[in-house]
Amino acid sequence: MAADGRRPRVLLLTSGPLDGRQGADTQLATALAQTVPDTEFLWFGQQPRGLPIGQTSGRRLPIVSRHGVPDLPVRLQSAAVGALAARRADLVHVVMTIGSGFPSFSRLWPRLVGRRPVLHTVPGVMDPALLTRCRPLGPTVALSEVTAGALRAAGFHDVRIIRPLVRLDHWPRRPRPDTSPPTVLIVAHHDPEGGAEDAIKSAAVAARAGARFHPVLAVRARPGQNARLLEAGLRAHAENEGLYDIEILGHVPDMHGLIVSSDVLLFVPRALGGKADVPLTVLEALATGRPVILSDLPQFASLRDTVLRAPAGDCHRTGHLLRQLLERPWWWENLAERGRATVEDRFGPDRFRADYERLYQELLT
């Protein structure tokens, strides 16, 4: 509670509007606005109005954005509007991936807001080399031990770990779809190590080994990337591998429906490239009861045997894991049950809410 007895006012500083195209930053900020009680949040909203985000606590700060993408004009607006709103806030909670612009931002922001307390949640790091050029904004929250260790090694002295939230009421466990052939949902990003080409090769290995399935690739372009050209390249790569029936999607407005209609999630990047340490799409698939196959990156170690993992870039191993999973219903059911239980135990709302409530109280007293 604020010193005058009212609810504390917390500015959620994100690189884009919460009701725009959802990424790790805005998904985490939205979870905070929906989950942490007795707090008046200030958060960025798209102007004209964007996507519905459900019930949130606090006040919407409009940002002009036609598509809700955190491109340069939107990021500049966020910084300007945020600097003004911070003067009315008791605490600034920055929810922002560390990318190429963050080192400059980390030096400029304290000059704009002075000694006002700041908390920074780091969903991901685009390039670990950036960390040595950053200044901590205040206490820092990481999503995994791996990123927490990298932050501490770079001079971030007060680093906590709070795992991301999955709204269990929004993601109930669902039975396996009764469709033939089964659907394999592939998620990736267009960066060179984003996993799209490796996932296509892995799916082709499974198909050549006799597995029958319908591959769906959901790959969203970053601002500045030519999505149409990149998708055409992936389609040509898939056809060269013998996957002629692959479905390639860009922005997916109904990710919930896509996950529920799928049988397996495949996410095999060689590097996360700024994606959340524990991608929310992975956790949502596990909550729904969908087995997940991942590349064996250190950020995923916390999921233990909840998921199947193969060495990054090992398309042969990944493909045969996919084939075996599709052909063994008992293994599918075992992983589906284990995944849901893990999300309930470690990524549910109670722990998330309690951890951030304690941290807010610490910074506001």
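Values below: all heavy atoms of this structure, side chains included; hydrogens, waters and symmetry mates excluded. The residues of the chain are indexed from 1 along the displayed sequence.
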Looking at every non-hydrogen atom in both residues, tell me the closest pair between [X] and [Y] and how far apart they are.
X	Y	answer
Thr147	Val125	CG2-CG2, 4.2 Å
Asp277	Pro279	O-CD, 3.5 Å
Cys134	Pro103	SG-CG, 3.8 Å
Asp245	Phe213	OD2-O, 4.0 Å
Asp305	Leu335	O-CD2, 4.1 Å
Val278	Pro164	O-CG, 4.1 Å

Has the side chain of [X] got a donor or acceptor atom that lies under 3.5 Å from a matching backbone atom of [Y]?
X	Y	result
Gln46	Ser65	yes
Thr306	Leu303	yes
Arg317	Pro311	no
His189	Pro269	no
Asp25	Thr97	yes
Gln299	Val146	no
Arg116	Ala86	yes
Arg346	Ser302	yes
Arg152	Val159	yes
Arg173	Arg340	no

Over 12 non-hydrogen atoms of neighbours within 6.0 angstrom of [atom1] in [X]:
X	atom1	result
Arg212	CZ	no
Arg208	CZ	yes
Arg160	CZ	yes
Glu337	CD	no

Do [X] and [Y] belong to the same hydrophobic cluster, where Ile, Leu, Val, Met, Phe, Trp and Tyr are linked whenever their side-chain heavy atoms lie under 4.5 Å apart, directly or via other members?
X	Y	result
Trp332	Trp330	yes
Leu108	Val81	yes
Leu185	Leu294	yes
Leu243	Leu325	yes
Ile186	Val260	no

task = Please check if the distance between the ring centroids of His93 and Phe41 is under 6.0 Å.
result =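 His93 vs Phe41: aromatic centres not under 6.0 Å.
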ask   = Salt bridge or not for Glu327 and Arg323, using N-O below 4.0 Å?
value =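 A salt bridge is present here (some side-chain N lies under 4.0 Å from a carboxylate O).
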So, do [X] and [Y] sit near enough that their side-chain heavy atoms are less than 4.5 Å apart?
X	Y	answer
Arg75	Leu72	yes
Leu280	Trp171	no
Phe267	Leu272	yes

message = Set out, in order, the CA-CA distance, both residues' side-chain angles and the distance that settles side chain to side chain contact (heavy atoms under 4.5 Å, CB included) for Leu32 and Tyr360, then state yes or no.
response = CA-CA 11 Å; Leu32 287 161; Tyr360 281 5; 4.1 Å; yes
Full working for salt bridge (charged side-chain N to carboxylate O under 4.0 Å, His left out) between Glu284 and Arg290 = CA-CA 9 Å; Glu284 290 160 354; Arg290 300 297 179 261; over 6 Å; no
ask   = Are Tyr356 and Thr35 linked by a side-chain donor-acceptor pair shorter than 3.5 Å?
value =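 Judged by distance alone, the side chains do not pair up.
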